[in-house]
Amino acid sequence: MHIINPATEEVIQEIAEDTTESIQKKYKIIQEGQVAWAAVPLEKRIAAIEKFYNFLDEEKDTLAVDLTREVGKPLQQSYNELNGARQRIQYFIKNSARWLAEEWITEEDATREKIVYEPLGIIANISAWNYPYLVGVNVFVPALIGGNGVLYKPSEYATITGLHIQRLLYRAGIPENIFQVVIGKGPAGQALLDLPLDGYFFTGSYRTGKYIAEQTAGKLVPVQLELGGKDPLYVMDDVDDVSAVAAAALDGAVYNTGQSCCAVERIYVHEKIYDQFIDVFVSEAKKLVTGNPLDKATGIGPVSRKEQIALLKEQVEDAVAKGGKVLSGGGPLSGRGYFFVPTVVVNVSHDMKLMTDESFGPVIGIQKVKDDREAVKLMKDTPYGLTAAVYSKSYDRAENVMKQMDTGTVYWNCCDRVSAALPWSGRKNSGLGATLSYHGIRAFVQPKAYHLRG
Ligand code: NDP
């Protein structure tokens, strides 16, 4: 398998892919180790994860550069991702013991009852490339702490990072017969679906997620899906500082070159402040430097996958053909690398793919609305349900909108953020189940009910 640098289109490394046989072998290796791992005291499992947490910091320069070379994100954002991953790990280190401890429920007369949390067994962690550290640690860290064995398949576009993760986990004392990286593309993921695993934890597109849910349904094991979105952001007419909101909305739309599951994908602005908002938004978008992600001045790197350029182009062309007006950017950069200039389109409507289909790139449509009612109607007009953001001076007014959103997350005066302490979950086509928070600790264990007499 060739690992390609999306900024230069050069082959960085050649890595051997796993075969169905080698994946079966890795499964057998973990089968031999999982029961012993589950018997290791919880504090020792947590101590190993703490070492991993320290190594991520110790090696951050190498890890950040490799991440940028492999997926194309601006270098500072690679550092941010490592830092964010460490914060999430810290949450798991601090909180797992509380949520995995046995719970005495009844202690009356002759009958005593308790709940004990046991590992699921061996799980698949099938992961995406856009934040390989973040979406990885959401799963393999609580899974390992919970006593599970993990077959971890990084996306083919984040393979070098996947191998770093494995190396650092082993260095931290996670046994080789508990964690194995599976290298490859779709067929390697398919091989995992064919194994009799005890849980499937997937981050990626709706299309693949749905396929995985269908393929594994008959196994009757937990399946969790963290999928895509078409996340709306609405700016009300009462915001104090329109310029600050425009800058925040732009950052939410283009951070990580727009390739965040919770990126702002469509914006609605109240007509009273629309012109002012657009002026600032567009002038800020034009200031963004698109180019070499290793260069400090760069705000927008290449998109990670070549095919995405054609999809973004198609969305912009479709919008323009239906009356959309491009106010900045508009297409790919010529020359080597998968670069797309940050693109702002107005005069948009829900007849356009730009406003209904996930873009996953630095393009954004902005639509004028006359009131909250119209905004809510448009925000809800989607098969996705990951996040929705509202900017307003009034919490009551914002809350009225947030309550109506059928999404796993809502934001007031912020957007495009994830907290380790809160559940991360999508509704409708955005997913099933939750990671992070205590929900994301308990997701990797199963309760056993003890009825005790005597
Ligand atoms: P994909 O669905 O293309 O791939 C996700 C993973 O599934 C990859 O490891 C992929 O392997 C693997 N895979 C592909 N085909 C199969 C198969 N038949 N069986 C098993 N596994 C398979 O998604 P992307 O990697 O392109 O990720 C981008 C998507 O992820 C976006 O939609 C984004 O919104 C979403 N996402 C959601 C998040 C959330 O928390 N809700 C967080 C991050 C991203 P390979 O890549 O090697 O082909």
Side-chain angles (χ1 to χ4, degrees), residues 1-4 6 15 17-18 20 23 70-71 73 81 84-85 88 124-139 151-162 181-195 197 200-216 223-231 255-265 303-308 311 357-361 382-387 407-409 416-420 422-436 440:
M1 195 165 75
H2 288 146
I3 310 297
I4 293 173
I15 297 179
E17 278 180 67
D18 268 305
T20 305
I23 293 168
E70 183 173 41
V71 303
K73 68 178 67 197
E81 179 173 348
R88 291 185 190 188
N125 175 185
I126 304 177
S127 199
W129 47 265
N130 58 338
Y131 290 101
Y133 286 103
L134 292 177
V135 299
V137 303
N138 285 1
V139 173
L151 282 162
Y152 171 56
K153 185 197 158 326
S155 162
E156 66 186 273
Y157 302 101
T159 303
I160 295 175
T161 295
V181 166
V182 169
I183 300 294
K185 305 180 184 175
Q190 180 67 47
L192 292 175
L193 308 186
D194 296 338
L195 288 171
L197 301 183
Y200 288 85
F201 293 81
F202 172 79
T203 309
S205 63
Y206 163 70
R207 201 170 61 94
T208 312
K210 181 166 176 280
Y211 174 78
I212 288 177
E214 285 166 357
Q215 289 289 305
T216 55
V223 176
Q224 284 206 176
L225 310 171
E226 306 274 3
L227 310 177
K230 188 70 190 170
D231 297 359
Y255 189 83
N256 202 32
T257 316
Q259 302 167 116
S260 307
C261 48
C262 53
V264 175
E265 286 255 342
V303 293
S304 305
R305 295 157 58 249
K306 193 176 189 175
E307 310 85 77
Q308 203 62 13
L311 185 142
D357 297 0
E358 190 178 46
S359 305
F360 227 55
T382 176
Y384 290 108
L386 193 58
T387 81
T407 57
T409 293
D416 186 32
R417 74 186 293 277
V418 178
S419 163
L422 294 176
W424 188 246
S425 67
R427 296 188 186 174
K428 303 192 287 181
N429 289 1
S430 291
L432 204 63
T435 51
L436 297 177

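In this chain, numbering begins with 1 at the start of the sequence shown. Counting starts at 1 for both ligands and their atoms, in listed order.
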Identified side-chain hydrogen bond (donor to acceptor under 3.5 Å, both in side chains) counterpart of Glu226 within the set Thr435, Asn138, Thr203: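 Only one option passes, and that is Thr435.
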For Gly229 against Leu386, the heavy-atom pair lying closest together: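 Closest approach of Gly229 to Leu386: CA-CB, 4.5 Å.
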Tyr384 and Tyr206 aromatic ring geometry - parallel, tilted or perpendicular at 30°/60° bounds: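 The rings of Tyr206 and Tyr384 stand perpendicular, inter-plane angle above 60°.
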Side chain to side chain contact (heavy atoms under 4.5 Å, CB included) involving Ser359 - partner list, sequence neighbours excluded: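 Applying side chain to side chain contact (heavy atoms under 4.5 Å, CB included) to Ser359 gives Lys230, Glu265, Leu312, Gln315, Leu354, Val363.
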Pairing residues for Tyr152 by the ring-ring contact (aromatic ring centres under 6.0 Å, His included) criterion, not counting sequence neighbours: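 ring-ring contact (aromatic ring centres under 6.0 Å, His included) check on Tyr152 returns Phe140, Phe179.
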Neighbouring protein residues of ligand 1 - any heavy atom closer than 4.0 Å: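 Contacting ligand 1 under 4.0 Å are Ile126, Ser127, Ala128, Trp129, Asn130, Val135, Lys153, Pro154, Ser155, Glu156, Gly184, Lys185, Gly186, Gly189, Gln190, Leu193, Phe202, Thr203, Gly204, Ser205, Thr208, Tyr211, Ile212, Glu226, Leu227, Gly228, Cys261, Glu358, Phe360, Leu386, Trp424.
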Contact list for residues 424-436, test salt bridge (charged side-chain N to carboxylate O under 4.0 Å, His left out), sequence neighbours left out: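 For residues 424-436, and leaving out neighbouring residues, the salt bridge (charged side-chain N to carboxylate O under 4.0 Å, His left out) pairs sorted by first residue read Asp406-Arg427.
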